[in-house]
Amino acid sequence: MNDIRMIRENPEEFKQRIEARQIEVDVDQILALDTQRRALITQVEEIKAERNAGSKLVGKTKDPAERQQLIDQMAGLGDKITALDTQATEVDRELNDILLGIPNLPDADVPIGKDETENVPGPERGAPLREFGFEPKPHWDLAEELELIDFERAAKIAGSRTYILRGDLARLQRALIDWMLDVHTSRHGYLEVQPPYQVFAETLVGTSQLPKFADTLFHDIEEDKWLIPTAEVPVTNFYREEILDGNTLPVYHVAATPCFRREKVSAGRDVRGIKRVFQFMKVELVKFVKPEESADELMRLVDEACYIAEELGLHYRLLDLCTGDLGFGAAHTYDIEVWAPGCQEWLEVSSCSNMRDFQARRANIRYRADNGKPALLHTLNGSGLALPRVLIAIMEDH
RNA sequence: GGGGAGGUGGCCGAGCGGUUGAAGGCGCUCGCCUGCUAAGCGAGUGUAGUGUGUUAAGCACUACCGAGGGUUCGAAUCCCUCCCUCUCCGCCA
């Protein structure tokens with residue numbers, strides 16, 4: 001969520017920066033609601049002060065007649081308060097709903113662009129492109145021939161966009177997860193965590209999947225629990241409503257979890273293979289840092305994720321996402337894409353983002369700043385890496 | 001799933017309708033004292049919102065004693081609903 005004070009004080013700047021995302025924001029409406037909200041609060045608080053003072057006096061007054069007179073004087077105050085409170089709550093909710101639906105402000109150094117075609121790719125890195133003396137096969141053909149993935153039986157038991165990893169491929173995934181966790185814990189200083197895979201709606205609001213992207217999530221209506229689309233969701237929310245000791249920052253967490261995604265919006269896209277599926281494993285990196293350090297921490301996060309691609313001998317590149325393609329909560333994002341020679345495309349295996357205080361404000365995650373006061377911290381997250389796509393690249397390459 | 005206990009400030013723990021944002025203790029911060037440390041003495045020590053200040057300090061007010069409703073002039077205290085923790089029984093990987 002964006003800071004209402006920043007919007008109030010610099011509405012033009014806010015409008016200009018947010019609209020670099022190719023969206024329209026009605027700043028005037030926000031300002032009007034904000035003004036209205038504050039007026040109502042001021043008004044109702046005055047009456048509350050009056051009531052509090054009056055009630056105190058009643059408590060002190062011993063004479064029954066005098067007492068009753070005071071009570072009579074305050075008749076109707078309660079109703080006024082209730083009415084104004086209700087109005088204030090409504091306006092507040094309306095404003096809040098609007099703010100929850102507005103994405104984060106892009107950083108000043110994010111390339112301006114309309115959509116994914118204007119992302120800025122960095123140089124190709126890692127292992128050199130492989131020379132094949134033949135046409136490399138896409139992984140769905142390879143895996144079927146080698147009996148490493150069983151799509152048919154998966155479809156029988158669980159429908160489309162599901163898969164069964166078999167034998168060496170299942171083993172490879174397990175080994176990769178283990179190794180990635182080891183690298184991030186021992187080489188990069190992360191603490192390994194195993195979070196719940198099903199969470200409250202509130203938790204998803206904190207990281208900004210809700211309220212806007214409910215249609216991409218699996219939801220158990222009976223228990224009102226949601227399956228996580230990424231470990232970012234539970235892990236970032238660990239410290240919700242907390243004030244962390246500034247000395248404990250930065251906090252680094254790494255988690256390997258399944259990720260559940262409905263992929264409704266992508267219906268019909270990438271239906272073959274395991275590139276876009278309803279459930280997949282991902283090793284996720286999450287950082288909680290002081291605001292002044294988040295820009296540097298983003299670059300370090302990118303390096304940490306790249307290290308995995310590098311060590312695996314993959315051919316990869318970095319993509320600086322433009323304003324039009326930036327994720328909802330991100331202020332700046334670098335994607336890591338690995339080359340898959342079989343399906344002949346770049347596969348996104350990681351998306352490393354600085355969320356700045358966007359999630360921290362939603363989830364109320366703070367730290368005790370040097371001046372002794374609580375302040376919002378910054379959160380970052382990135383995959384390190386997403387398993388199925390890494391498997392694709394390795395399979396098609398080797 | 002059934003029964004019992006309980007959720008109060010950084011922590012422990014009182015309060016059970018009125019000047020209680022909350023006794024007392026611990027912790028922490030600052031000062032005094034002191035070979036050092038400990039002890040002792042004094043003062044201070046929640047979060048957020050609104051208003052007013054130069055978007056500072058400060059000041060005033062409002063809200064917050066698990067969450068949300070209700071009763072009342074007034075609720076941490078009474079009533080209802082929900083959530084969570086502990087515990088006993090049942091079931092179970």
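Labels below follow one simple rule: chain letters A, B, ... track the order of the sequence lines, proteins then strands, and each chain is numbered from 1.
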All N/O pairs under 3.5 Å across the protein-nucleotides 50-53 of chain B interface:
| unit_1 | atom_1 | unit_2 | atom_2 | d |
| --- | --- | --- | --- | --- |
| B/rU50 | O2' | A/T42 | OG1 | 2.9 |
| B/rG51 | OP1 | A/R38 | NH1 | 3.1 |

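- Taking the six-membered ring for Trp and thresholds of 30 and 60 degrees, A/H219 and A/W226 have nearly parallel ring planes, at less than 30 degrees apart.
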List the atom pairs, with distances to 0.1 Å, where a side-chain N or O of residues 76-86 of chain A and a protein N or O form a donor-acceptor pair under 3.5 Å, not counting sequence neighbours.
| unit_1 | atom_1 | unit_2 | atom_2 | d |
| --- | --- | --- | --- | --- |
| A/T82 | OG1 | A/G78 | O | 2.8 |
| A/D85 | OD2 | A/K48 | NZ | 3.3 |
| A/T86 | OG1 | A/T82 | O | 2.6 |

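- The partner of B/rU50, taking Watson-Crick or G-U wobble pairs whose two distances both stay under 3.5 Å, is B/rA60.
- One interatomic measurement links the two molecules: CD of A/Q43 to C1' of B/rG49, which rounds to 16 Å at whole-angstrom precision.
- Between the C1' atom of B/rG46 and the CD atom of A/E242 lies a distance of 16 Å, rounded to the nearest Å.
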Margin query: Please encode protein proximity along nucleotides 64-76 of chain B as a string of B, S and -, counting only heavy-atom distances under 4.0 Å.
Written below: ---------BS--
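- With a 3.5 Å ceiling on both atom-pair distances, the Watson-Crick or G-U wobble partner of B/rG68 is B/rC80.
- Taking atom C1' in both B/rG15 and B/rC78, one finds a spacing of 15 Å when rounded to whole Å.
- A donor-acceptor contact closer than 3.5 angstrom links the side chains of A/Q359 and A/T379.
- Here the separation of B/rG24 from B/rA63, taken at their C1' atoms, is 26 Å to the nearest Å.
- The partner of B/rG27 is B/rU45, judged by Watson-Crick or G-U wobble contacts that both fall below 3.5 Å.
- Closest approach of A/P103 and A/F358 over heavy atoms only: C-CE1, 3.6 Å.
- Contacts of A/T257 classified as side-chain hydrogen bond (donor to acceptor under 3.5 Å, both in side chains), with partners at least two apart in sequence or in another chain: none.
- With respect to A/E19 and A/K15, a salt bridge is recorded, a charged nitrogen being found less than 4.0 Å from a carboxylate O.
- Nucleotide B/rG10 holds its P atom 14 Å from the CG atom of A/L244, rounded to whole Å.
- A/C352 approaches A/V302 most closely through the heavy-atom pair CB-CG2, 3.8 Å.
- When Watson-Crick and G-U wobble pairs are counted only if both distances are under 3.5 Å, B/rU55 pairs with no nucleotide at all.
- Distance noted for atom C1' between B/rA48 and B/rC12: 26 Å (whole Å).
- Across all strands shown, B/rG1 pairs with B/rC89; the Watson-Crick or G-U wobble distances both stay below 3.5 Å.
- Contacts between residues 192-202 of chain A and RNA chain B, counted as heavy-atom distances below 4.0 Å, involve no residue at all.
- Between the CZ atom in A/F280 and the CZ atom in A/F260 there is a gap of 10.0 Å [rounded to 0.5 Å].
- Each of A/K287, A/R356, A/K290 was evaluated against A/E297; a single residue qualifies, A/K287, per the salt bridge (charged side-chain N to carboxylate O under 4.0 Å, His left out) test.
- Taken residue by residue, residues 364-377 of chain A places heavy atoms nearer than 4.0 Å to RNA chain B at A/R366, A/R368, A/K373, A/P374.
- Relative orientation of the A/H184 and A/H188 rings is tilted, given thresholds of 30° and 60° on the angle between their planes.
- Searching all strands for a Watson-Crick or G-U wobble partner of B/rG40 with both distances below 3.5 Å returns B/rC32.
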